[in-house]
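Below is one structure, written out as structure tokens, with a few remarks after it.
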Amino acid sequence: MTRVSRGPIVILTGAGISKESGLETFRDSDGIWAKVRVDDVATPEAFARNPAHVHEFYNMRRRRLQAGDIEPNAAHRALVELEAQWPDPVLLVTQNVDDLHERAGHQRLIHMHGELLKARCAFCGDVQAWHDDLSVALSCRHCCRSGGLRPHVVWFGEMPLEMETIFAALSECRLFVSIGTSGTVYPAAGFVSLAASHGVETVELNLEPSAGASLFGESIQGEASVIVPAFVQRLLAGLWAGASAPLASRAMGARGN
Ligand code: APR
Ligand code: ZN
């Protein structure tokens, strides 16, 4: 057991960290994919087939995010404190397209699945801040052409953003922390294996064990607004001792001895 008191940290977050702020997750029983089909709203083919329907899906989520009652929670704020007080770089990689990490004050952040409050132009590729409803009738603020604006969100079948930066950070960090994700969507679901293959300490914080829980050195269950601040305080106090072997191999070791 080695205490982790310094070294770069990479954090991955998913929809679970924003649940207590009032935003839906995807795969909980009351989640988004229980109400809408992925193939109807979250693929390039869906957008080509019915752009108005896809725009309406993201317009509703963009309006909800800006409704005024959606605020960062204690988990978002704890990660900002970690970034501010940890002696080495902390890279936050989020799968979320909401802006709650920014609004909490996080500085070094990668939105690997894009951002709800930005639009991308299919003609000139420009990415621009966009807080209003989007539609095919609107024109790009950069090239002035209409009919090409889409949400700046990575759809299924598309390549997530800044993957080279993320892979490099995962192979060079001291600790990888996964928070509020079901561990079912790649490449994010594979980050823990990549980190562990480089001898990185790994820990997951989630309401329930994720699909990849056994791949982590430690798996902590609970609501993000409770377990994330507690974990950050332990880290900053130098009290978190990594469990170097993944849970599964330790379990096997137990059976083997
Ligand atoms: N605190 C901590 N974890 C929570 C909480 C909470 N309050 N509420 C739910 N969770 C957990 C759930 O148990 C689940 O494991 O958060 C996880 C959310 O999983 P998903 O809904 O699958 O969301 P996510 O993992 O972010 O999805 C990944 O899939 O649909 C695509 O692009 C989309 O970025 C998304 C990606
Ligand atoms: Zn354009």
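For reference, positions follow the sequence shown, starting with 1. In each ligand, atom 1 is the first atom listed, and ligand 1 is the first ligand listed.
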At a cut-off of 2.8 Å, what protein N/O/S atoms sit near the Zn ion (ligand 2)?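 For the Zn ion (ligand 2), the protein N, O and S atoms that sit under 2.8 Å away are C121 SG, C124 SG, C140 SG, C143 SG.
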
Enclosure of R103 CZ (heavy-atom neighbours >12, cutoff 6.0 Å):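 Enclosed.
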
One thing to verify: whether E56 and R63 come together as a salt bridge, which I'm taking to mean a side-chain N less than 4.0 angstrom from a carboxylate O.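 The answer is yes: the pair qualifies as a salt bridge.
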
For D126, is there an ion pair with R141 - N to carboxylate O distance below 4.0 angstrom?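 No.
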
So, T202 and E204: side-chain donor and acceptor under 3.5 Å apart, yes or no?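 No, because no side-chain N or O of T202 sits under 3.5 Å from a partner of the opposite role on E204.
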
Report the C-alpha separation of I110 and L91 in whole Å, then their side-chain angles, then the decisive distance to 0.1 Å, and conclude whether the side-chain contact (heavy atoms from CB on, under 4.5 Å) test is met. CA-CA 8 Å; I110 291 178; L91 174 63; 4.0 Å; yes

Between ligand 1 and the protein, give all atom pairs where both partners are nitrogen or oxygen and the distance is under 3.5 Å, as lines of names plus distance to 0.1 Å.
residue	atom	partner	partner atom	Å
ligand 1	1 (N)	A224	N	2.9
ligand 1	3 (N)	L207	N	3.1
ligand 1	7 (N)	E20	OE2	3.0
ligand 1	13 (O)	E208	OE2	3.3
ligand 1	15 (O)	N206	ND2	2.9
ligand 1	16 (O)	G180	O	3.4
ligand 1	19 (O)	S182	N	3.3
ligand 1	21 (O)	F26	N	2.8
ligand 1	21 (O)	R27	N	2.7
ligand 1	22 (O)	R27	NH1	2.7
ligand 1	22 (O)	S182	OG	2.6
ligand 1	25 (O)	T181	OG1	2.6
ligand 1	25 (O)	S182	N	2.9
ligand 1	25 (O)	S182	OG	3.4
ligand 1	26 (O)	A15	N	2.8
ligand 1	27 (O)	R27	NH1	3.1
ligand 1	29 (O)	R27	NH1	3.1
ligand 1	29 (O)	R27	NH2	3.2
ligand 1	30 (O)	R27	NH2	3.2
ligand 1	30 (O)	W33	NE1	2.9
ligand 1	32 (O)	H113	ND1	3.4
ligand 1	34 (O)	Q95	O	3.3
ligand 1	34 (O)	H113	ND1	2.9

Under 4.5 Å between side-chain heavy atoms, hopping through other hydrophobics if needed: is there a path connecting M159 to I166?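 Yes, M159 connects to I166 through the hydrophobic network.
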
What verdict does the salt bridge (charged side-chain N to carboxylate O under 4.0 Å, His left out) test give for E83 and R108, after you've listed the backbone C-alpha separation in whole Å, the side-chain angles of each residue and the deciding distance to 0.1 Å? CA-CA 8 Å; E83 179 182 50; R108 203 161 166 250; over 6 Å; no

Point-to-point distance, once rounded to the nearest 0.5 Å, from CZ of R64 to CG of D69: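 Rounded to the nearest 0.5 Å, the CZ-CG separation comes to 4.5 Å.
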
Test log, rule salt bridge (charged side-chain N to carboxylate O under 4.0 Å, His left out), inputs D28 and K19: CA-CA 10 Å; D28 285 337; K19 180 76 179 289; 3.5 Å; yes

